[in-house]
Amino acid sequence: MRIVHTSDWHLGQNFYRFDREEEHLCFFEQLAEVLRRERPDALVVSGDVFHNSAPSISAQRLFVEGVMMLADSSPETTIVITAGNHDSGSRLDAERLLWRRLGVHVVGGCQRLPDGTFDPNQFVVEISGKGYIIAAPYFHTSNYPLASADMDREDRQRGFFDALLGSVGDTGLPVVMMAHLAVAGCATLGHEDEPVGGMLKENLSELGEGYDYLALGHIHRPQQINPRVYYSGSPLPLSFSEAYSHFVNIVEIAERGALPTVEQVEIVPQRRVKTVPQGGAPLQEALDSLGDLDDADDSYIRVLVDQEDVIAADAEDRARKIVDGKACRFCEIRRKPRKYVPKNGDLPEITEIEDFTQIKPIDIVRRSYERKTGTAMNDLLIEMMNRAIELAEE
């Protein structure tokens, strides 16, 4: 079986104040060319089709036009799309029957039986004579469907994936499973909004055994977790920290149990993301670097300022005047963060999500503030935040 694996399209994202529809169309054109050339048995899209759960009309139209373009580029290819944490599963499911008429399988959530259990076959797409796609959408860890009515909550996730993998039987044909989550050992570099305490990561053992290739979504950086487990990554940079190469994966599996061969095909973004100067500089020097940009460079630009003094209030206005007439899209001036080390070491470390249950809210706020600004909260800010916390508790 031969598949193409992609994820995290984030249709409808505005990059700062800029619309990205043309960039996503450019991606669809490149992906359509991959399908025309490779003629895969399946295209799998592992979640985060949209950037938010209530996409705009233009984003929904872009989704329809893009998927139709992909379907036309290789009519024999089965397209399988699952919901991610940014998507509304019910919104995607509302049109699943219509998409099925066009050979596109959209899986947004789970159709549960009266006792809370489910039929695992609703997540299985058979590629006739080639193999199976197990299309698992995103579920919060506390809301996985019940494999059996008396199953304990802590067993639901493993029970769900065991039921899915067990439903395909042993036909000798390859099995590809899709999922949208972070697994232990993945590199989250590029997720600028990762919370204090880190991102919740699942052990691979919770996803069961028996798949030949696990097509993951959610993490934007393309990477291999083990010989059978891959993130394709997002096709476009979604933040300035994603200034690395982006790909889709071409996967070939000879037979059930065989290791997959995986080839990355680079997706060239219509617009790149750039930080100038790369390592930061005092404001005037940073603005001079902005002026040195080639007039035809159409990248998104962030100016990185590295100085002790407060950044002048008119800095962004000055930056916009400098780029006037250039092709680039100026987005922001960002102060280079400094790692702040408390002199008295009074703040507890936050390394795991579980730490939040043992730490006062004000200490969490202080730690977050320090990470973002490189400085400590002053007494007035602490007093104001404590008062806000008191009001919330009341």
Donor-acceptor under 3.5 Å (S289 side chain, E285 main chain): yes
Determine, using the 4.5 Å side-chain heavy-atom cutoff (strictly less than), whether Y138 and L11 are members of one ILVMFWY cluster. no
Side-chain donor-acceptor distances from residues 387-394 under 3.5 Å, at least two apart:
{"from": "R387", "atom 1": "NH1", "to": "E390", "atom 2": "OE1", "distance (Å)": "3.2"}

Aromatic ring pairing W9/F28, orientation class (parallel under 30°, perpendicular over 60°, tilted between): perpendicular
Which pair of non-hydrogen atoms, one from A179 and one from L207, has the smallest distance, and what is that distance? CB-CD2, 4.3 Å
Would you say M377 and R367 make side-chain contact, with heavy atoms under 4.5 Å? no
Under 3.5 Å, is there a donor-acceptor pair between the H5 and Y231 side chains? no
What's the spacing between T78 OG1 and M1 CE if we round to 0.5 Å? 10.0 Å
Would a distance-only check, ignoring hydrogens and angles, find a side-chain to backbone donor-acceptor pair under 3.5 Å from H220 to D8? no
Sequence neighbours left out, cut at 3.5 Å: what donor-acceptor pairs do the side chains of residues 45-60 make with other protein atoms?
{"from": "S46", "atom 1": "OG", "to": "A215", "atom 2": "O", "distance (Å)": "2.9"}
{"from": "D48", "atom 1": "OD1", "to": "N85", "atom 2": "N", "distance (Å)": "3.2"}
{"from": "D48", "atom 1": "OD1", "to": "H86", "atom 2": "N", "distance (Å)": "2.8"}
{"from": "D48", "atom 1": "OD1", "to": "H180", "atom 2": "NE2", "distance (Å)": "3.4"}
{"from": "D48", "atom 1": "OD2", "to": "H10", "atom 2": "NE2", "distance (Å)": "3.4"}
{"from": "D48", "atom 1": "OD2", "to": "H180", "atom 2": "NE2", "distance (Å)": "3.3"}
{"from": "H51", "atom 1": "ND1", "to": "H10", "atom 2": "ND1", "distance (Å)": "2.9"}
{"from": "N52", "atom 1": "OD1", "to": "A54", "atom 2": "N", "distance (Å)": "3.2"}
{"from": "S56", "atom 1": "OG", "to": "S58", "atom 2": "OG", "distance (Å)": "3.0"}
{"from": "S56", "atom 1": "OG", "to": "A59", "atom 2": "N", "distance (Å)": "3.1"}
{"from": "Q60", "atom 1": "NE2", "to": "P55", "atom 2": "O", "distance (Å)": "3.1"}

For residues 245-289, the ring-ring contact (aromatic ring centres under 6.0 Å, His included) pairs (sequence neighbours left out) are Y244-H246
Any side-chain heavy atom of V305 sitting closer than 4.5 Å to one from R334? no
What's the verdict on side chain to side chain contact (heavy atoms under 4.5 Å, CB included) for L43 and V80, showing C-alpha distance, side-chain angles and the deciding distance? CA-CA 6 Å; L43 166 69; V80 185; over 6 Å; no
Is any side-chain heavy atom of V248 closer than 4.5 Å to one of S232? no
Are the side chain of N143 and the backbone N or O of H140 linked by a donor-acceptor pair below 3.5 Å? no
Any non-hydrogen side-chain atom of L173 less than 4.5 Å from a side-chain atom of Y132? yes
Side chain to side chain contact (heavy atoms under 4.5 Å, CB included) between Y16 and F330, intermediate numbers included: CA-CA 9 Å; Y16 293 80; F330 168 71; over 6 Å; no
Nearest 0.5 Å please: distance from the NE2 atom of H24 over to the CD atom of E29. 13.0 Å
Compile the donor-acceptor pairs under 3.5 Å between side chains in residues 321-329 and protein atoms, sequence neighbours left out, one pair per line.
{"from": "K326", "atom 1": "NZ", "to": "G291", "atom 2": "O", "distance (Å)": "3.3"}
{"from": "K326", "atom 1": "NZ", "to": "L293", "atom 2": "O", "distance (Å)": "2.7"}
{"from": "K326", "atom 1": "NZ", "to": "D295", "atom 2": "OD1", "distance (Å)": "2.8"}
{"from": "R329", "atom 1": "NH1", "to": "D19", "atom 2": "O", "distance (Å)": "3.4"}
{"from": "R329", "atom 1": "NH1", "to": "Y300", "atom 2": "OH", "distance (Å)": "3.1"}

For Q278, is there any backbone N or O sitting under 3.5 Å from a side-chain donor or acceptor partner on T275? no
So, S299 side chain and I301 main chain: donor-acceptor pair closer than 3.5 Å or not? no
Sidechain-backbone polar pair: E255 side chain, G172 backbone, donor-acceptor under 3.5 Å: no
Using the six-membered ring wherever Trp is involved, compare the ring planes of W99 and F63 and label them parallel, tilted or perpendicular (cut-offs 30° and 60°). perpendicular
Check whether R302 reaches the backbone of V273 with its side chain - one donor and one acceptor, N or O, closer than 3.5 Å. no
Steps toward side chain to side chain contact (heavy atoms under 4.5 Å, CB included) verdict (I81, R96): CA-CA 10 Å; I81 301 171; R96 65 187 298 172; over 6 Å; no
Residues D155, R158; criterion salt bridge (Lys or Arg N to Asp or Glu O under 4.0 Å); working and verdict: CA-CA 6 Å; D155 298 327; R158 178 59 189 261; over 6 Å; no
N226 (side chain) donor-acceptor with R228 (main chain) under 3.5 angstrom: yes
Please step through salt bridge (Lys or Arg N to Asp or Glu O under 4.0 Å) for the pair K274 and D297, ending with a clear verdict. CA-CA 10 Å; K274 287 186 179 179; D297 188 337; 2.5 Å; yes
Does the side chain of I362 come within less than 4.5 Å of R366's, by heavy atoms? yes
Spacing of I127 atom CD1 and I3 atom CD1 [to the nearest 0.5 Å]: 9.5 Å
About how many Å separate CZ of R2 and CD of E38, when rounded to the nearest 0.5 Å? 4.5 Å
Which distance, rounded to the nearest 0.5 Å, do you find between the CD1 of I133 and the CD1 of I79? 12.0 Å
Between R112 and Q122, is any side-chain donor less than 3.5 angstrom from a side-chain acceptor? no
Do V125 and V176 share a hydrophobic cluster (ILVMFWY, side-chain heavy atoms under 4.5 Å, transitive)? yes
So, using side chain to side chain donor-acceptor pair (under 3.5 Å) as the criterion, who are the partners of R61 when residues are at least two apart? none
Under 3.5 Å, side chain of R272 to main-chain N/O of P269, donor-acceptor pair present? no
Just wondering, do R36 and S74 contact through their side chains at under 4.5 Å, heavy atoms? no
Under 30°, 30 to 60°, or over 60°: which ring-plane class applies to F118 and F123, parallel, tilted or perpendicular? perpendicular
Let's go through R221 and E242 carefully: what are the C-alpha distance in whole Å and the side-chain angles of both, what is the deciding distance for salt bridge (Lys or Arg N to Asp or Glu O under 4.0 Å) to 0.1 Å, and is it a yes or a no? CA-CA 8 Å; R221 192 178 189 89; E242 297 183 28; over 6 Å; no
Contact check, side chains of R335 and L304, non-hydrogen atoms, under 4.5 Å: no
Shared hydrophobic cluster for I267 and L25 (ILVMFWY, side-chain gaps under 4.5 Å): yes
Checking side-chain contact (heavy atoms from CB on, under 4.5 Å) against V265, which of V34, L31, N249, T6 comes through? V34
Should the pair K360-D363 be classified as a salt bridge under the 4.0 Å nitrogen-to-oxygen rule? no
Grab the two heavy atoms, one from E316 and one from I333, that are nearest each other, plus how far apart they are. OE2-N, 3.4 Å
Quick one: does P40's side chain get under 4.5 Å of I250's, heavy atoms only? no
Would you please test R256 and D212 for side chain to side chain contact (heavy atoms under 4.5 Å, CB included) and show each step? CA-CA 7 Å; R256 184 76 180 268; D212 297 300; 3.3 Å; yes
For the residue pair S205 / N203, report whether a side-chain donor-acceptor contact shorter than 3.5 Å exists. no
D93 side chain to G109 backbone, donor-acceptor under 3.5 Å: yes
With sequence neighbours left out, what residues match R153 under side chain to side chain donor-acceptor pair (under 3.5 Å)? none
